[in-house]
Each structure stands twice: as C-alpha cells, then as structure tokens.
Number of protein chains: 2
Amino acid sequence: MNEMIDATDVRILQILIRDAKRSNKEIGEEVHLTGQAVGARVRKLQDLGVIEGYTVKWNPDRLGLGLKAFVTVFLNSGDKHAAFRAFVAGREDIVEVHRVSGEGCYLMRVQTGTTEQLGELLEALLPLGNYRVSLSIGVEKSSS
Amino acid sequence: MNEMIDATDVRILQILIRDAKRSNKEIGEEVHLTGQAVGARVRKLQDLGVIEGYTVKWNPDRLGLGLKAFVTVFLNSGDKHAAFRAFVAGREDIVEVHRVSGEGCYLMRVQTGTTEQLGELLEALLPLGNYRVSLSIGVEKSSS
DNA sequence: GGTGAAAACTAGTCGGC
DNA sequence: GCCGACTAGTTTTCACC
C-alpha cells in the first residue's frame, strides 16, 4: 500500500492542476495510457494524500471582492495565539493564514470587497496585536 | 446576456469551491433545483468569468516540496520591473506574485523542496533588488 | 500494473410548462 | 427560467493478460 510516485504520476498531477476537468481518456492520450489506468493512478494519488480535493478557480473581482491584501500580524503576547486562531476561523474574508518565522508571527492573505471592510478587519484585529498591510495592486502570477 | 448573480449562484459557487467533484444533481438537491438547472447556472458563471477553471488541491509535503515562504521584494530601480517579471515567469518554484503597495514592490509566494533551493532562488534574485523572507512554519487556514 | 469490454452514472440537448 | 425524457460521453468494475 505504500507505493512510490513516478514521473507519470507527477505529469498527471500537473495536467490536473492546470485543468481538473480533463477526462481520464484525454489525459491517457497525453501520457500514453488508457483512461482506466489514469483513473487508477489518480485514485492512488488521492489515497496517498497528494491530491486533497477538487476546487474551482474563481475570479473575486467579478463578485465584488476585488481587494486582495497580505497582512503581517505581530501578536501582543504569547497567550494571544488561541484567540487569534479563533478570530481567523470565524472570518470569511481571511483566506489563508501561515505561521511564519521572520517578519511577525503570522502572515495572512485577505480578500474583501471594499477598503471599509478591510479597515473593519484590521480594527477587529487590533486587540490581539499589531499588523502591517501590503495591498495587492495587481497579480502578476497565480497558481502556476 | 448580461445576467445578474443571485444568492443561489453564490451558494453553488461555494459548494464547488469546497468540492468541485460534486455532481450537478447532488448540488441541485442542496439548493432545491434539478441537475440541469444547476448545470445552466454553472455555465453562466463560467461565461461571466466568475469561474475561471477547475483545479486540484494538492499537498506539496507529500511530493517533497514542504518549504513554503513569502518573499517581499524591493527592486533596486524602476527599470528592473520587466526583468523581474521575466524572472518570475521562468521559475516553477514561484507560485504567486502580487504587485503591492506598502512593504516593498512585490510579494511572492514561494514553494521549494529544500532550504538550499530557497537560497538559490534568493541569490538569483539579488541582482534585481533586496528581499525579506517570511518562512511558513505551519498553515493555520488554507483556501476556505 | 495495465488492458479490454460491459454496467452505472453523469452532463448536454431537445421540447414542453 | 425550470422541469422531464432522451442521447452521448464518462467513470467504474469486472475478468484476463
């Protein structure tokens, strides 16, 4: 059950990352396999935890969520970590949170509709610590 | 052809973000519609550009790409932007690049296998400008 | 581990409401 | 704008190599 991942598996994964709607048969033609062989490998990748799930790439701008920002968080004290995690779990506008070493304690990716909403988020964050905001004014590259 | 997006469309989108492999029929049961009505709405969302494509969520750790970092880039001079864009376009380990206001010129999300590879990336970046690295040591939240 | 053929399910298209 | 029936394509499961 502990199988290795060969180059073909990686190729299949890369194809699926680019477009998960491709059929197994179509992928099979590209990697010189039949559709059901590709299906078996995809299932293996899922069982191994390499593939965690399937999602859609969506455009936040078209839904009035055009504001993207990176917020570096500096917590006031060490006992604020639990409160911070509860805070981010309850907010839909916080898309991604990383515990980081370097600048600050956490770095989170935020997605809101207006600057007012971003301001409200930052204000709610203040009791926990300080922050530094980098507002995205253009995406050069995204999820290669 | 210029249609509005109602609450049902958003619900369908949220379901697809969580799991794009759900069938239209299954989604229809959740939003009280038939499968083909869901399919029509999904097609509408694609035509409107809200849904840009389908991808897989994959686990970099399982492929020996466990190092995640955020690099804030401070370009040396204004004429380095073109060179920087060419630089990031050619590197697979740079996953995401944002033009930002605030700290630095660009903020990019990097994904490498080892610290040596990260060091090599940063060294290659040096001719273009300075940088500040925040190494991710744990993901609290990811792509809600 | 991969291939081949049959079964179950799915999405897309048609007319009708 | 949505529903029901039909068709085409897909994934899945089986035995076999």
Side-chain angles (χ1 to χ4, degrees), chain A residues 1-65 113 142-144, chain B residues 1-66 92 113 142-144:
Chain A
M1 184 150 281
N2 226 338
E3 294 295 336
M4 263 306 290
I5 298 167
D6 63 2
T8 309
D9 293 321
V10 177
R11 279 184 67 190
I12 293 173
L13 180 60
Q14 286 172 338
I15 292 172
L16 286 176
I17 290 172
R18 221 184 48 195
D19 182 11
K21 263 289 157 62
R22 299 278 293 278
S23 69
N24 290 344
K25 189 207 284 184
E26 206 176 359
I27 297 172
E29 293 171 4
E30 202 163 325
V31 299
H32 304 293
L33 263 76
T34 56
Q36 46 267 44
V38 175
R41 282 168 179 268
V42 170
R43 208 170 318 137
K44 183 185 73 178
L45 290 173
Q46 288 174 154
D47 294 339
L48 289 174
V50 177
I51 293 178
E52 297 179 327
Y54 296 81
T55 11
V56 289
K57 290 186 289 186
W58 58 289
N59 194 330
D61 302 344
R62 305 294 173 101
L63 276 180
L65 291 170
S142 181
S143 58
S144 83
Chain B
M1 185 149 284
N2 227 339
E3 295 293 337
M4 263 306 289
I5 298 169
D6 63 2
T8 308
D9 292 322
V10 177
R11 280 185 66 193
I12 293 173
L13 180 61
Q14 286 171 338
I15 292 172
L16 286 177
I17 290 172
R18 220 184 49 196
D19 182 12
K21 263 292 157 62
R22 299 277 294 276
S23 68
N24 291 343
K25 188 207 284 181
E26 206 177 359
I27 297 172
E29 294 172 3
E30 202 164 323
V31 299
H32 304 294
L33 264 79
T34 56
Q36 49 265 42
V38 175
R41 283 168 179 268
V42 170
R43 209 169 319 140
K44 184 185 71 177
L45 290 173
Q46 288 173 152
D47 293 339
L48 288 174
V50 178
I51 293 178
E52 296 179 328
Y54 297 81
T55 11
V56 289
K57 290 187 288 185
W58 58 290
N59 193 332
D61 302 344
R62 306 293 172 102
L63 276 182
L65 291 171
E92 280 290 327
S142 178
S143 60
S144 82

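Within every chain, numbering begins at 1; the chains are lettered A, B, ... in the order of the sequence lines, protein sequences first and strands thereafter.
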Between [X] ([atom1]) and [N] ([atom2]), how many Å, whole number?
X: B/Leu33; N: C/dA11; atom1: CG; atom2: C1'; answer: 16 Å
X: A/Lys25; N: D/dT11; atom1: NZ; atom2: C1'; answer: 11 Å
X: A/Ile27; N: C/dG2; atom1: CD1; atom2: P; answer: 14 Å
X: A/Gln46; N: D/dT11; atom1: CD; atom2: P; answer: 12 Å
X: B/Ile12; N: C/dA11; atom1: CD1; atom2: P; answer: 12 Å
X: B/Arg41; N: C/dA11; atom1: CZ; atom2: P; answer: 16 Å
X: B/Glu29; N: D/dC2; atom1: CD; atom2: P; answer: 17 Å
X: B/Asn24; N: C/dT13; atom1: CG; atom2: P; answer: 13 Å

With respect to the side chain of [X], which nucleotide from [options] is positioned closest?
X: B/Arg43; options: D/dG1, C/dG12, C/dG4; result: C/dG12
X: B/Gln36; options: D/dG4, C/dG2, C/dA11; result: D/dG4
X: A/Ala37; options: C/dT3, D/dC3, D/dT11; result: C/dT3

Least distance between heavy atoms, B/Val50 atom then A/Arg62 atom: CG2-CB, 3.7 Å

Shortest non-hydrogen separation from A/Arg41 to A/Asp6 and the atoms involved: NH1-OD1, 3.1 Å

Polar side-chain atom of A/Arg22 near backbone of A/Leu16 as donor-acceptor pair, under 3.5 Å: no

